[in-house]
Amino acid sequence: MVSQKTTNVDIDRLLKHHALMWRIRAFEEAALQAHTEKLVLGAIHPSIGQEAIAAGVCLNLRSDDLLTSTHRGHGHTLAKGADPNQMMRELLGREGGNSHGKGGSMHIADFSVGMLGANGVVGANIHITAGAAHAIKLLKSDRIVCSIFGDGAINRGPFLEGLNWAVVFNLPALFVCEDNGFASTTSTSSVTGGKGAAARAEALGIPSLTVDGNDLISIDEAVRSVISSIRAGNGPRLLVAKTYRLSGHTASDPDTYRLRSEVEKAWESDPITNLGGVLRRAKVDTVILDNHESNARIEMAAVFSDAKAASWPPLSRAFEDVQDIGDPRQEAF
Amino acid sequence: MVSQKTTNVDIDRLLKHHALMWRIRAFEEAALQAHTEKLVLGAIHPSIGQEAIAAGVCLNLRSDDLLTSTHRGHGHTLAKGADPNQMMRELLGREGGNSHGKGGSMHIADFSVGMLGANGVVGANIHITAGAAHAIKLLKSDRIVCSIFGDGAINRGPFLEGLNWAVVFNLPALFVCEDNGFASTTSTSSVTGGKGAAARAEALGIPSLTVDGNDLISIDEAVRSVISSIRAGNGPRLLVAKTYRLSGHTASDPDTYRLRSEVEKAWESDPITNLGGVLRRAKVDTVILDNHESNARIEMAAVFSDAKAASWPPLSRAFEDVQDIGDPRQEAF
Amino acid sequence: MTTMTYADAAKQALTEEMRRDPTIWALGEDLGRGGVFGQYQGMAEEFGPERIADTPISEAAILGAAVGAAMSGTRPVVEMRFADFALCAIDELVNQAAKARYMFGGQTKVPLVVREPMGMWRSSAAQHSQSLESWYTHIPGLVVVCPSTPHDNFGLLKSSIRCDDPVVYMEHKNLWALEGAVPDCDPIPLGVARIARTGQDLTIVSWSSTCHEAMLAAVTLEEEGLEAEVIDLRTLWPWDKRAVLDSVEKTGRLLIAHEAVQVGGFGAEVAATVADRAFSSLRAPIKRIGAPRVPIPYAPPLEDLLRVTPERIAAVARELTR
Amino acid sequence: MTTMTYADAAKQALTEEMRRDPTIWALGEDLGRGGVFGQYQGMAEEFGPERIADTPISEAAILGAAVGAAMSGTRPVVEMRFADFALCAIDELVNQAAKARYMFGGQTKVPLVVREPMGMWRSSAAQHSQSLESWYTHIPGLVVVCPSTPHDNFGLLKSSIRCDDPVVYMEHKNLWALEGAVPDCDPIPLGVARIARTGQDLTIVSWSSTCHEAMLAAVTLEEEGLEAEVIDLRTLWPWDKRAVLDSVEKTGRLLIAHEAVQVGGFGAEVAATVADRAFSSLRAPIKRIGAPRVPIPYAPPLEDLLRVTPERIAAVARELTR
Ligand SMILES: Cc1ncc(C[n+]2csc(CCOP(=O)(O)OP(=O)(O)O)c2C)c(N)n1
Ligand SMILES: Cc1ncc(C[n+]2csc(CCOP(=O)(O)OP(=O)(O)O)c2C)c(N)n1
Ligand SMILES: [Mg+2]
Ligand SMILES: [Mg+2]
């Protein structure tokens, strides 16, 4: 399924994507390492194998566009422009994390780059997206809001209610379904009626497009065209990106529900390798490509060291930012 | 939109439907009267204009088939075989009501005829239907479960979650959407994305059929064929019945959101008149048809008198049937 | 100073706030035609359908969208129609609205008001009659308001709209038509109780509709020579502990009356707080009066059996002071 | 008598019940592969995918379907994975399951068990750590169970499955691996507390995981010469008032400890009940220890700050008996 379309593509653009994908990969590997070292004690959901979606979607968003994500949100957040130092500190629960270590991996967020948060509740970000897009419309801004969620999320009510909402109010929302075939240990095809996300969105009046989520070039093109339609005021769109989760569901998932051979086979369509191949065939110097990998690893190793060395948040943080009225610093009981 | 298909139809069958529709109409009128007389103080949602759906669906159900309904459930309940005396007593909150006056109109139910309850929460009956059908399948029975809901309900999560559930588990469920164009004072087309219930169900993998809900003959035929498919184990089906609510949303609805001319026009497609016309054209003696009306009115007048004369439930009822463990008769506080 | 109904007082407050701040908007089912209780009557005409937004029957999306909209520069006022329907949107309210500011370490705030008309309303039965205010007091991040008079509904709704936190705003359905004076006043601060009546002999704490029953009971008790102090909490989180503790220190006797189910009701929190912090002032057991742990029945006589009436309140007050 | 973990004890109970009664079935996400905490490990192999049913991620449908299935001749055991996700299914639990029997005047019953793994579990943060048991105690129709030991998890789950009412069954995630003796025993009756330890000087009431902290506190206190009576409520509705009142009548002092947010927690109900019915026995203020009204933070040191520890319990106990 490797895209052969190298004509008309902007090599610099692809290189940017390639570098970003490596940064995501290296970030996830560092996060897994942190879990192994018991520096992260909660759940980590790595996005290894799905980096083309994060890159292809987020590099097409403006920095003032908004984004919401799921439990598997590191890649999206990084791609939207968040600082990996802050992110890794957040994962390790340290001061200097985006949320002072109060949210952690499942709630990774960086509002300064328009990333309104990962979410621990499958599907919950869909409504938040609809609402953010609603606000944007009320405020007559030309920003758009993107929501990324998994193929498991399309069986929850918000998929219907939130997408319907976006149609009814003709909102500037881009919905992206990362269809990796699984919801935790369950094959989504076994729990999903009909033809899946695209068909459901169409029935709700949302035009949708299905692309190979491991082919950065296809995603990049699809997202670009879809976003320009959304920004032009044509209402919401859905993009379904077919992919495969190369790692376990969480860092501690023994992953016994998939055949090893299936996973190994899937590695052959690793989106980073795919894009690397395209670039190589386009005669990009291999050193540049290799540097993306090594630079990313160097960067994320430093990020990891920084986070390890960072201090815990001061205990007073526990009582901050709950609410103004009825603030627990005045009355916690 | 009056059906002209009188060939091949069983006149006796149509007469049964005609009589039932009149009984529903007369019941609703009595209920409205009860509301006017302040004998019913809570909300009443009359189904005047939608009787063909209740009759066409429920007369095709076996008495051991199950049914769930909405806030607008009197007609469905009566059509499923409930005793109008008990129903009217329930509406008036009297002893001898189906639920001893504890549920009232919005929770009308008669489990003895397989009517598992109206529901005060729009869409909530969809999940209950899926579950009842699931139980039936587990128990290897050949019964089916039917769920009737409005066009407003298709914008709530249960429409997606419950229908998907029925597909995934291949359940014997018949979903019926009474598409009367309104949800309370709101035109449903203004709050519904896409092409509505049928398209959404299809996208979930449920074949659906749209019929003129004011044409008893069409409904009757459609339901019959659909039910035989469901009973044969072919999984869930959706029927969309286009209709119009001739009365207000509730008994106290001033109905200012619809043009009088629109409502008057709609009376011309009154489903009872429609069927009456068919029967007249089929040379059925007009006296028989008129008797349906007058008998229904006589019956429901008696039903109303009976309910008026009935006593209140004994106060002890308030504390009954809450739960076994932690029963408020032992500990209410 | 004008006399208006509880419903109109809220409409007046919302209207004034919407005129003041163009980022405020209201959303819910049937708002365009005034809302089911007429609380929005005429507002769509003034503010247009964008700011008085008619929504699909999608409670979860209504509340969830409000969260996203509140995080993105607007101040939504959400109409849930009946508090009972908010149960279709609890993830959105409790897991999202209440926690977002904290989980994101203060990167955002969620300034929204959720209007949840509560309580018994003749023959509305089990799914349209609940009083679940105590649930929300248990959720960090939420402010909980239960006004009992037109004046309070005006002033507290204003404060709630101006508040940067998610506020669960529970109007009692039985009070819509209640008339009362609404002075041209500033917003009423959240978290401050109203001493509805002063007295030396016992303290009656209440909120929402039940305050009126407590006041009636106090009149009866006065005729019998008992002076009850009646405190209307108005806000349940934060609640005015100082007002209650001061009163109990004076009277030595506490009775809490509310419409909600007594078990797990907010009366328990008031009682437990006083049993801790004003223990030495107590001269009698703390009494609570709430509904038995029974769903609300439909038939009027059964429904009435569950009500907290002035008679029940007065009877327990007598018992307490005997 | 066998030693097993809290998780296995529940599995054993469910397995035995499913062998006994073919109408019992379990449903939830990922159950076929044993469930997220392994509580169903191997059960799909014995009972097949129809009775250990893998569902879509549709909490509302899971619970709502269970209501329909419970009304139609089966006894569903619903797995919610984390108590927090049950917030996606509150209408189904509170408006439907809890009220159906009553609204329909006893025409039906809703025999279902909702398993809601609760509580803090290292760095799970605000949406995966909540303890909302007090909510359910407030809802007529629901039974609420919070087992703290493998033995209780075995015996109480059996009783819950046999119960004809909807039962909210809250296992604590931190206890899954706890080992303990499970005698070959009959189901343990719902509503009966366990006196975990007898003592004369004060009463500590607790449930779920916090019981273990209370027991540790009691050991410390004993070394200091203070004899605490520790009561594990086990069931919160109905709760064993008699056991608590008897104990307080003996000790004159009450401390309630629970992991949930203290404001609006079930500790308030216990305190309020005692402040009413055992007032004259009380020799000191009633104390509660729960979490501050703060969402659960992710960072371990912040998370720990919110915990109810043996030290906190012992400190308050000392204060109480001073
Ligand atoms: C409402 C809800 N139910 C269940 C879960 C537990 N859970 C976390 S991730 C997950 C699977 C999600 O699958 P999908 O949406 O396909 O995303 P993926 O993990 O494949 O990226 C589940 C069931 C949850 N977080 N929220
Ligand atoms: C969850 C929920 N939201 C709102 C309501 C209030 N309500 C009662 S009936 C109704 C309109 C329902 O419209 P539809 O489903 O089309 O049924 P119809 O009344 O037309 O028969 C609404 C909004 C409710 N009962 N439940
Ligand atoms: Mg997936
Ligand atoms: Mg309708």
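Lettering follows sequence order; numbering is per chain, from 1.
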Novice: Going from CG on Leu91(A) to CG on Leu39(A), what distance comes out if it is rounded to the nearest 0.5 angstrom?
Specialist: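 That separation rounds to 11.0 Å.
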Novice: Below 4.5 Å, heavy atoms only, C-beta onward: do Pro166(D) and Val114(D) meet side chain to side chain?
Specialist: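 No, too far: nothing below the 4.5 Å cut-off.
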Novice: Decide yes or no for Ile90(D) and Leu87(D): does some side-chain heavy atom of the first lie under 4.5 Å from some side-chain heavy atom of the second?
Specialist: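 The answer is yes; the side chains approach within 4.5 Å.
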Novice: What residue in Pro292(D), Gly32(D), Ala299(D) has the most heavy-atom pairs under 4.5 Å with chain A?
Specialist: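 That would be Pro292(D).
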Novice: Given that the side chain runs from C-beta out, which part of Leu305(D) has a heavy atom under 4.5 Å from chain A: side chain, backbone, both or neither?
Specialist: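 The side chain, not the backbone.
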Novice: Between chain A and chain D, are any donor-acceptor pairs under 3.5 Å, and how far apart is each one to 0.1 Å?
Specialist:
| unit_1 | atom_1 | unit_2 | atom_2 | d |
| --- | --- | --- | --- | --- |
| Leu91(A) | O | Tyr298(D) | OH | 2.5 |
| Gly101(A) | O | Ala299(D) | N | 2.9 |
| Lys102(A) | O | Tyr298(D) | N | 3.2 |
| Asn119(A) | OD1 | Gln127(D) | NE2 | 3.3 |
| Gly120(A) | N | Gln127(D) | OE1 | 2.8 |
| Asn155(A) | O | Ser58(D) | OG | 2.8 |
| Ser184(A) | OG | Arg81(D) | NH2 | 2.9 |
| Thr185(A) | N | Asp30(D) | OD1 | 3.0 |
| Thr185(A) | O | Arg33(D) | NE | 3.2 |
| Thr185(A) | OG1 | Asp30(D) | OD1 | 2.7 |
| Thr185(A) | OG1 | Arg33(D) | NE | 3.1 |
| Thr185(A) | OG1 | Arg33(D) | NH2 | 3.3 |
| Thr186(A) | N | Asp30(D) | OD1 | 3.3 |
| Thr186(A) | OG1 | Asp30(D) | OD1 | 2.7 |
| Thr186(A) | OG1 | Arg33(D) | NH2 | 2.7 |
| Gln323(A) | OE1 | Arg293(D) | NH1 | 2.9 |
| Ala332(A) | O | Arg293(D) | N | 2.8 |

Novice: If you count heavy-atom pairs under 4.5 Å between each of Val122(A), Leu315(A), Leu92(A), Val322(A) and chain D, which one has the most?
Specialist: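 Among Val122(A), Leu315(A), Leu92(A), Val322(A), the one with the most close pairs to chain D is Leu315(A).
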Novice: Ring-plane angle category for Tyr244(A) and Phe182(A), please: parallel below 30°, perpendicular beyond 60°, tilted otherwise.
Specialist: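 Perpendicular: the ring planes of Tyr244(A) and Phe182(A) meet at over 60°.
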Novice: Taking the side chain as everything from C-beta on, heavy atoms only, tell me whether Met80(D) gets closer than 4.5 Å to Ile62(D).
Specialist: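 Result yes, sub-4.5 Å side-chain heavy-atom pair found.
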Novice: Count the heavy-atom pairs under 4.5 Å between each of Gly264(D), Pro297(D), Pro56(D) and chain A, then report the option with the highest count.
Specialist: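 Most heavy-atom pairs within the cutoff with chain A belong to Pro56(D).
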Novice: Mind checking what makes salt bridge (Lys or Arg N to Asp or Glu O under 4.0 Å) contact with Glu29(A), not counting sequence neighbours?
Specialist: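 Partners of Glu29(A) under the salt bridge (Lys or Arg N to Asp or Glu O under 4.0 Å) test: Arg297(A).
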Novice: Which atoms of Pro314(A) are under 4.5 Å from chain D, going by heavy atoms: the side chain, the backbone, both sets, or neither?
Specialist: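 Interface part for Pro314(A): backbone (N, CA, C, O).
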Novice: Looking at Ala60(D), Gly34(D), Cys88(D), which has the largest count of heavy-atom pairs under 4.5 Å with chain A?
Specialist: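 The answer is Cys88(D).
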Novice: If you take all heavy atoms of Ala109(A) and Gly117(A), which pair is closest and at what distance?
Specialist: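 Scanning both residues completely, I find the closest heavy atoms to be CB-CA, 3.6 Å.
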Novice: Just verifying a value: how many Å separate Ile289(D) CD1 and Ile256(D) CD1, rounded to the nearest 0.5 Å?
Specialist: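 The CD1 atom of Ile289(D) sits 9.5 Å away from the CD1 atom of Ile256(D).
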Novice: Are the side chains of Leu236(D) and Met170(D) in contact, using a 4.5 Å heavy-atom criterion?
Specialist: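 No, side chains not in contact.
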Novice: Can you tell if the side chain of Val176(A) reaches within under 4.5 Å of the side chain of Phe149(A), non-hydrogen atoms only?
Specialist: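 No, every pair of side-chain atoms sits at 4.5 Å or beyond.
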Novice: Taking every heavy-atom pair that is under 4.5 Å apart, which of Gly97(A), Ala153(A), Gly42(A) has the most such pairs with chain D?
Specialist: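 Result: the option with the highest number of such pairs is Gly42(A).
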Novice: Let me know if Ala291(D) has heavy atoms under 4.5 Å from chain A in its side chain, its backbone, both or neither.
Specialist: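 For Ala291(D), the backbone is the part near chain A, not the side chain.
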Novice: Under 4.5 Å heavy-atom distance to chain D, tell me which part of Val121(A) shows up: side chain, backbone, both or neither.
Specialist: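 Answer is both: backbone and side chain atoms of Val121(A) are under 4.5 Å from chain D.
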